[in-house]
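As a basis for the values below, the full set of heavy atoms in this structure was taken, side chains included, without hydrogen atoms, waters or symmetry mates.
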Amino acid sequence: MLTRISLLALSAHVHFRKPGRQGYRTFSGRRGEAFCGAVLHDLGLVPPYRGDNRFEVDGAEAAFYIKHQVSPERADVVWQAIALHTSPGIPTRLADEIAMVHLGAGLDFLGLGLDQVPPQMVEEILEKYPRMSFKEEFKNLLVEHCRHNPAAQILNWTDDVARTAGCTLHGQPIPTVTQIMSAAPFDE
């Protein structure tokens, strides 16, 4: 299931556009790096690749071993694409391959930009790569990750998933940003 995420966006690469200094531009990056980043971007959610970091970083570290097969520069683009794919506002200002993975994940996860992909193309892709109860299965993977590594959810977009699932850190609920900020050791 994880390997089909973002295939929708990759198949629609002709329609890819990212903000640029001169408005919008068409994807001009290397499709190999974009494909590798898209296929592996959630690798950190899979038990053999889980570590003590955010799943994006764990996945990027696991995928980074491809550096033995490609140049360090190309491997770094894949690392950044995976590590930053859930960071709004950052990937779209970097290399096209990095932006593509971010935008593809957003399209597949939240439907962001789906209205910009021709409906016939969406239909063909979903027929070829069905979603297979993606919403529920992905939520289960996130909850499992949160339970495995609750500390990595703090100040992360997955903190809501962790709190909703009842994950705790040292017997306490995952703290909110407001709670962390209020507990800062400053007299004010």
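Residue pairs meeting the ring pair (Phe, Tyr, Trp, His ring centres under 6.0 Å) criterion with at least one member in residues 89-108, sequence neighbours excluded, do not occur. Residue pairs that meet the salt bridge (Lys or Arg N to Asp or Glu O under 4.0 Å) test with at least one member in residues 161-184, sequence neighbours left out, are Asp159-Arg163. Residue pairs satisfying the salt bridge (Lys or Arg N to Asp or Glu O under 4.0 Å) criterion with at least one member in residues 142-152, sequence neighbours excluded, are listed as follows: Arg50-Glu144. Applying the salt bridge (Lys or Arg N to Asp or Glu O under 4.0 Å) definition to pairs two or more places apart or across chains, none involves residues 178-188. The stretch residues 143-168 participates, sequence neighbours left out, in these ring pair (Phe, Tyr, Trp, His ring centres under 6.0 Å) pairs: Phe55-His145, Phe109-Trp157.
Remark: Gln120 engages Glu124 in a side chain to side chain contact (heavy atoms under 4.5 Å, CB included) (not counting sequence neighbours). When the side chain to side chain contact (heavy atoms under 4.5 Å, CB included) test is applied to Asp160, the partners found at least two apart in sequence or on another chain are Thr164. For Asp76, the side chain to side chain donor-acceptor pair (under 3.5 Å) partners are Gln80, not counting sequence neighbours. Contacts of Lys128 classified as salt bridge (charged side-chain N to carboxylate O under 4.0 Å, His left out), with partners at least two apart in sequence or in another chain: none. A search for salt bridge (charged side-chain N to carboxylate O under 4.0 Å, His left out) contacts involving Glu33 returns Arg30, Arg74, not counting sequence neighbours. Partners of Glu127 by salt bridge (charged side-chain N to carboxylate O under 4.0 Å, His left out), not counting sequence neighbours: none found.
Contact detail for Ala105 and His85: the closest heavy-atom pair is CB-CD2, 3.8 Å. Ala62 and Tyr49 make their closest contact through CB-CD2, 3.5 Å (heavy atoms, listed as atom of the first residue, atom of the second, distance).
The number of heavy atoms from other shown groups lying within 6.0 Å of CG (Asp115) is above 12.
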For residues 169-176, run the donor-acceptor check on the side chains, cut-off 3.5 Å, and write out each pair with its distance to 0.1 Å, sequence neighbours left out.
| from | atom 1 | to | atom 2 | distance (Å) |
| --- | --- | --- | --- | --- |
| Thr176 | OG1 | Gln179 | N | 3.1 |
| Thr176 | OG1 | Gln179 | OE1 | 3.4 |

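Between Arg54 and Thr158, the side chains place no donor N or O within less than 3.5 Å of an acceptor N or O (distance only, hydrogens not considered).
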